[in-house]
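Notes follow once the structure below has been shown.
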Amino acid sequence: MDISEAKRSALDWVEAHRQQLSEWHATIWDLHEPAWREYRSAAWYVDRLRCEGFEVEEGSGGMPTAFCATWSNGDGPTIGSYAEYDAVPGNNQDRVPWRKLRDGTHHAAAGHTDPHSALGMSALGGILAAKAAMERHGIQGRLKFMGEPAEKVCGSKPVHAAKGYYDDMDAAVSFHPSYGTLRTNTCILDTHCGSYWSRIYSFICDSPETWKSVGAPGPSSAHTVARAPGANDALCLMYTTTKYTKESMLPHTGTWTLNEALLATGNATSDNLAPRFSQIQYSWRSPTLEMQQRIAEVLDRNAEHVAALTHCRLESHWVTRTRVGLPNHAMARIAYANLALVGGPQWDDEARSFCRELQENLGIEPMEEPILAEMTDLCPPEEGEAQLRAILPPWQLNYTSDDYVDWTWHTPTVRLIVGRCTLKAPEGYTYPDWSWNALGGHAPTIDPTIMCAAKVIGATIVDLLTDPRRLQEARAEFEERTGGGIGGSSWVAPLLPRDFRPPVGFAWPEYVTTARGEGWYVPESA
């Protein structure tokens, strides 16, 4: 493949800034902030982008930890990408080859798993590499870089989509480090992610005194009258009722899932008073919007039923509702050609030594080559598609979930997957989660992924800005698949309203500062 001078400039920029990108990644990994509460991580990106000459809107879409950054070099296409930076509660791990919490942190504190720290830094590196090439070679166009919080609850992208943030882009690049051996070092062709919906049900017992009590001896007393069941009973009944009805929601096919999280309870200050408030969050994934809607109907009916049983009123709030991914073969071909040019990530002796030490600490005989070859080898999009189709029913057109899918309905979008350091396992052995998280924080094991992805993203953006034919092909395919683009006959509109209020005020896990000092919102265990 011939390399233009502009593309070579983008690749050289990444090489020249390897150490800087590595240090930036370490900063975000060390902040390890959870969904909707990534205050310092978002602020870091905003400051960095402003230093690089971008205009930045903070708090975009009404989300305090989101942002929208733009940079223009004259009239031309607008190409987009994004950073994610949320970490996952309960995955607190230091960057060492043994199980160890970060110093001074609670065991339930968050940590980067996928890691989104690398996802965001790869995209930032690609955007800045493209910007450098545009400046050096006089390439006209506009770059748009979004800060997307709360991906772990598929939170921000459906909000940004509903509020029109993606409508002015001519094309976009979505990136994710690999999360398995299937479809690694590739670009997704047809089977994009499916849908993710999440809803919070709040049970409020605000008039417990109206629960009828008869037969109580003596004067009326809160200690002798029958107590209203209240909010805790509502939560427990919602939990168990949904467990029972889950078996009957949908056929046992299509890799759909439904999970719950207990968000908050407003416990009484006296044991004999009815609990006034409780919240439970449900999140569900499936390949089709019709399946999603059926699950929502059952959940709503269950919530109404248990609220009536327990003398509570019900409030429900959407956290998110994503669509399913829309393919774009033209974009996949452009990005994969650049991945083939760059080559898959390569790990050096320092990385392999870390991996062997980790294996030894787990009682595994250290391997001469401890990293899976699939993480380095390239996988053409057609081959990756065949791998996945072999394990899915023919009717299933989408698989797993991620909120990048909402980008795909507003602009031609490629989903790039680059390998990350993954250990070979003895037959029948599964590595503990902490080892996966440690590999995502240790520079020698995660940096090759970041550098590879940044180069591919930067080179792809340069192609889209300098080769009108390629961008036209991607736009034509988008128009065809949507029946005329945004608002077309086959276009699926955002599933949240334009005036949707992001769910940032709920009791999400977070770091807190009190009179007792810095802490995590989960109480200390005994």
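Because only heavy atoms are used, hydrogens play no part in the values below, and waters and symmetry mates are left out as well, while side chains stay in.
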| task | Report the C-alpha distance between His317 and Phe500 in whole Å, list the side-chain angles of each, state the deciding distance to 0.1 Å, and finish with yes or no for ring pair (Phe, Tyr, Trp, His ring centres under 6.0 Å). | result | CA-CA 10 Å; His317 307 267; Phe500 179 75; 9.7 Å; no

| Does atom CZ of Arg501 have more than 12 heavy-atom neighbours, drawn from other residues, nucleotides or ligands, at distances under 6.0 Å? | no

| query | Is a side-chain donor or acceptor of Asp86 paired with a backbone partner of Lys152 at a separation under 3.5 angstrom? | reply | yes

| message | Let's go through Asp406 and Arg323 carefully: what are the C-alpha distance in whole Å and the side-chain angles of both, what is the deciding distance for salt bridge (charged side-chain N to carboxylate O under 4.0 Å, His left out) to 0.1 Å, and is it a yes or a no? | response | CA-CA 6 Å; Asp406 270 59; Arg323 292 164 278 186; 3.0 Å; yes

Which atom pairs, one a donor and one an acceptor, fall under 3.5 Å between side chains of residues 247-259 and the rest of the protein, sequence neighbours left out?
from	atom 1	to	atom 2	distance (Å)
His252	NE2	Glu247	O	3.2
Thr255	OG1	Gln396	NE2	2.9
Trp256	NE1	Pro251	O	2.8

| task | Could you point out which residue of Ile450, Thr445, Leu439 forms a side chain to side chain contact (heavy atoms under 4.5 Å, CB included) with Arg420? | result | Leu439

| request: Assert yes or no for the condition that the ring centre distance of Trp197 to Tyr282 is strictly below 6.0 Å. | output: no

| request: Kindly check if the number of other-residue, nucleotide or ligand heavy atoms within 6.0 Å of CD (Glu369) is above 12? | output: yes

| message | Could you check whether Thr65 and Glu38, counting side-chain N and O atoms only, form a donor-acceptor pair closer than 3.5 Å? | response | yes

| Any idea how Tyr404 and His192 line up, ring-wise: parallel (<30°), tilted (30 to 60°), or perpendicular (>60°)? | tilted

| request: Go through the structure and list residues passing side chain to side chain contact (heavy atoms under 4.5 Å, CB included) with Leu362, not counting sequence neighbours. | output: Leu358, Ile364, Tyr429, Tyr431, Pro432, Trp434

| message | His116 vs Tyr85, test: ring pair (Phe, Tyr, Trp, His ring centres under 6.0 Å). Steps then yes/no. | response | CA-CA 5 Å; His116 286 174; Tyr85 30 84; 9.0 Å; no

| message | Go through it in stages, so that I can follow the logic: the residues are Lys157 and Asp403, the test is salt bridge (charged side-chain N to carboxylate O under 4.0 Å, His left out), and I'd like the CA-CA distance, side-chain angles, deciding distance and then a yes or no. | response | CA-CA 6 Å; Lys157 300 184 191 74; Asp403 61 356; 2.5 Å; yes

| said: Tell me whether the rings of Tyr166 and His410 are parallel (<30°), tilted (30 to 60°) or perpendicular (>60°). | reply: perpendicular

| field | OG1-CG distance between Thr186 and Leu388, expressed to the nearest 0.5 angstrom | value | 11.0 Å

| message | Pairing donors with acceptors under 3.5 angstrom, does anything connect the side chains of Asp463 and Asn338? | response | yes

| For Asp233, which residues count as a salt bridge (charged side-chain N to carboxylate O under 4.0 Å, His left out) partner, sequence neighbours excluded? | none

| query | Does a donor on one side chain and an acceptor on the other come within less than 3.5 Å for Glu374 and Thr184? | reply | no

| query | Around atom CG of Asp190, are there more than 12 heavy atoms of other residues, nucleotides or ligands at under 6.0 Å? | reply | yes

| query | Has Tyr239 got more than 12 heavy atoms of other residues, nucleotides or ligands less than 6.0 Å from its OH? | reply | no

